[in-house]
> 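What follows is a structure written as structure tokens; I'll ask about it next.
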Amino acid sequence: MPADRSEALPTARRPHRLAGGQPGLLEPGASTDPYRLRLYRILRTDFPLGYDPGVGAWLLSRYADVALALTDPRFTGYPRDGAPRGPVPAPLGLCRGSLVCTPLPGSGTDRIPGGTPATASAVARAAYVLARRIAGRDQADLVGEFCRWLPAGLSSPDPNAPPRPGGGADDCARQTGLRERALASFLANMLDDPDLLAAVAGGGAGAGMLLRRAWAETLRRDPPVQIVLRRTRTEVRVSGGTLPAGEAVACLIGAAGRDPARFAAPDRFDPLRADADPLFSGPAGCPAALLGRLEAEHGLRALLAAMPRIRWAEGFRPTSSGVLTRGPRTLLVRPS
């Protein structure tokens with residue numbers, strides 16, 4: 001592994017160090033870009049287990065430790081115990097947990113909130129309407145003019161329906177902010193690879209599977225939620241030491257998803273990678289996770305249909321921000 005070179009960065013952009021040299025996760029500079037600052041790399045290699053007073057939790061950054069905390073029954077939800085215990089993964093990706101999100105029995109690829117088979121068609125229609133609105137422009141921002149509106153328009157099959165007491169699938173699907181960030185990251189990754197775009201635009205039997213793999217790869221490489229909180233029910237041994245019982249634990253999803261001990265070339269966006277992992281997609285059947293995937297698939301198809309020559313605006317490069325939740329704030333494109 002290449003040596004850490006964060007000391008070569010300007011002082012204002014170096015990760016703030018806690019006692020013992022551990023980087024502070026929420027200090028100025030660290031939250032700008034934990035990948036570029038090598039914050040996650042430093043934690044994985046030198047501080048796989050350490051307490052961060054700013055977060056108020058023990059930090060886990062290696063894939064093996066994070067996967068353990070998300071699936072092992074010795075960990076539970078934080079601050080409440082309502083989140084799933086192993087072998088069902090904890091809330092992850094676009095899922096907010098069992099207290100507000102109930103997986104739909106028998107849910108399939110098009111059975112999202114309320115179990116309505118028409119949801120996939122509704123997503124597709126909304127995506128095409130939004131894409132056509134910007135197709136004739138010289139320049140457009142996909143975040144502000146597409147990603148923000150597609151989840152908002154499809155948050156519930158019946159927008160006039162009252163919320164269900166105690167939460168449920170509709171409440172989960174109404175949480176659109178994370179889906180907006182995930183959709184923006186997905187589009188940024190796809191637009192960065194003209195060959196992938198061409199393969200999707202060409203259609204064919206493999207296009208749908210390629211889109212699903214690209215969506216899953218986005219959730220691994222660029223997760224919208226970078227930190228998932230858990231709590232130990234008993235002492236737990238991890239690679240960096242022993243976690244005490246009854247302690248808050250911050251699972252650094254962004255670090256685990258790019259752990260070179262688990263993924264080959266972890267910084268590379270590769271939908272066809274042989275070492276793909278379903279852990280980062282969240283619990284199977286979560287309405288928000290399923291709806292987010294549909295929005296990504298139909299959203300990209302709509303953009304390519306309305307704007308076959310879509311590409312980045314002159315001189316633009318997408319950048320993401322945030323260390324708690326993360327995604328591009330702007331995606332400037334030339335529609336034609």
Side-chain angles (χ1 to χ4, degrees), residues 31 33-35 66 70 77-78 82-84 89-104 107 112-113 119 123 126-127 130 141-156 159 163 167-190 212 214-230 250-257 278-300 318-331:
S31 62
D33 192 335
Y35 299 107
V66 168
L70 294 176
Y78 180 88
L92 186 64
L94 301 176
C95 180
R96 294 191 58 195
S98 63
L99 293 181
V100 292
C101 169
T102 305
L104 301 173
S107 60
I112 315 296
T119 303
V123 172
L130 291 170
D141 174 15
L142 292 183
V143 172
E145 301 176 77
F146 189 83
C147 299
R148 190 162 300 155
W149 292 101
L150 182 56
L154 274 299
S155 60
S156 173
D170 290 347
D171 287 346
C172 179
R174 286 192 180 99
Q175 307 302 320
T176 60
L178 292 180
R179 301 209 319 268
E180 174 190 327
R181 293 179 180 86
L183 177 58
S185 293
F186 170 79
L187 294 178
N189 286 330
M190 296 299 289
R212 294 186 183 187
W215 171 247
E217 175 72 344
T218 294
L219 295 179
R220 175 201 70 84
R221 182 181 180 271
D222 303 292
V225 176
Q226 296 274 303
I227 300 173
V228 171
L229 291 177
R230 304 288 277 160
C251 301
L252 306 187
I253 307 301
L279 177 68
F280 297 96
S281 298
C286 170
L290 292 170
L291 188 53
R293 180 172 60 77
L294 282 182
E295 289 164 350
E297 294 176 10
H298 289 291
L300 182 61
T319 58
S320 296
S321 61
V323 73
L324 297 178
T325 61
R326 186 170 179 82
R329 293 187 177 182
T330 304
L331 295 176

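The shown structure was predicted, so the numbers you read here are calculated from the model rather than taken from an experiment. Side-chain atoms are counted along with the backbone in the values below, which use heavy atoms only and exclude waters and symmetry mates.
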> Does Arg181 have any salt bridge (charged side-chain N to carboxylate O under 4.0 Å, His left out) partners at least two apart in sequence or in another chain, and if so, which?
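Arg181 satisfies salt bridge (charged side-chain N to carboxylate O under 4.0 Å, His left out) with no other residue.
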> Within this structure, what is the CH2-CG distance for the pair Trp215 and Leu300, rounded to the nearest 0.5 Å?
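The distance works out to 12.0 Å.
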> To check you understand the geometry: which heavy-atom pair defines the closest contact between Met190 and Ala214, and what is its length?
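That closest heavy-atom pairing would be SD-CB, 3.7 Å.
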> Holding to side chain to side chain donor-acceptor pair (under 3.5 Å), I want the full list of residues that pass it with Glu180, two or more places apart in sequence or in another chain.
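Once residues adjacent in sequence are excluded, the partners of Glu180 under the side chain to side chain donor-acceptor pair (under 3.5 Å) criterion are Arg148.
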> Compare every heavy atom of Val228 with every heavy atom of Val225, then report the nearest pair and how far apart it is.
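Shortest heavy-atom contact: CG1-CG2, 4.2 Å.
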> Side chains of Leu219 and Pro224: closer than 4.5 Å at any heavy-atom pair?
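Side-chain contact under 4.5 Å: yes.
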> Apply side chain to side chain donor-acceptor pair (under 3.5 Å) to Thr218 and list each qualifying residue two or more places apart in sequence or on a separate chain.
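Testing Thr218 for side chain to side chain donor-acceptor pair (under 3.5 Å), a comparison that skips the adjacent residues, returns Asn189.
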> So do Pro34 and Arg326 actually touch side chain to side chain, heavy atoms under 4.5 Å?
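When only atoms from C-beta onward are counted, Pro34 and Arg326 do touch, with a gap below 4.5 Å.
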> Closest approach of Ser281 and Ala289, non-hydrogen atoms and distance?
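Residues Ser281 and Ala289, closest heavy atoms: O-CB, 3.9 Å.
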> Report the residues that fulfil side-chain contact (heavy atoms from CB on, under 4.5 Å) with Val66, sequence neighbours left out, ordered by chain and then residue number.
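Residues passing side-chain contact (heavy atoms from CB on, under 4.5 Å) with Val66: Leu60, Leu70, Cys251, Ile253, Ala256.
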> Mind checking whether Leu183 and Leu187 have side chains closer than 4.5 Å, heavy atoms only?
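The answer is yes, as the side chains (C-beta and beyond) meet within the 4.5 Å cut-off.
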> Which residues pass the side-chain contact (heavy atoms from CB on, under 4.5 Å) test with Ala188, not counting sequence neighbours?
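Listed in chain order: Trp312, Pro318, Pro328, Leu331.
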> Is a donor on one side and an acceptor on the other found under 3.5 Å between the side chain of Trp149 and the backbone of Ala127?
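Flag not set: sc Trp149 to bb Ala127 has no pair under 3.5 Å.
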> Look up atom CD in Gln226 and atom OH in Tyr35, then write down how far apart they are to the nearest 0.5 Å.
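One finds 4.0 Å between CD of Gln226 and OH of Tyr35.
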> Starting from the C-alpha separation in whole Å, work towards a yes-or-no answer on side chain to side chain contact (heavy atoms under 4.5 Å, CB included) for Leu291 and Leu94.
CA-CA 9 Å; Leu291 188 53; Leu94 301 176; over 6 Å; no
> Check Leu150 against Glu295 and note the closest heavy-atom contact, atom names and distance.
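Heavy-atom minimum between the residues: CD2-O, 3.6 Å.
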> Holding to side-chain contact (heavy atoms from CB on, under 4.5 Å), I want the full list of residues that pass it with Thr319, two or more places apart in sequence or in another chain.
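If we apply the side-chain contact (heavy atoms from CB on, under 4.5 Å) test to Thr319, skipping adjacent residues, there are no hits.
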> Checking salt bridge (charged side-chain N to carboxylate O under 4.0 Å, His left out) for the pair Asp141/Arg329: CA distance, chi angles, key distance, verdict?
CA-CA 9 Å; Asp141 174 15; Arg329 293 187 177 182; over 6 Å; no
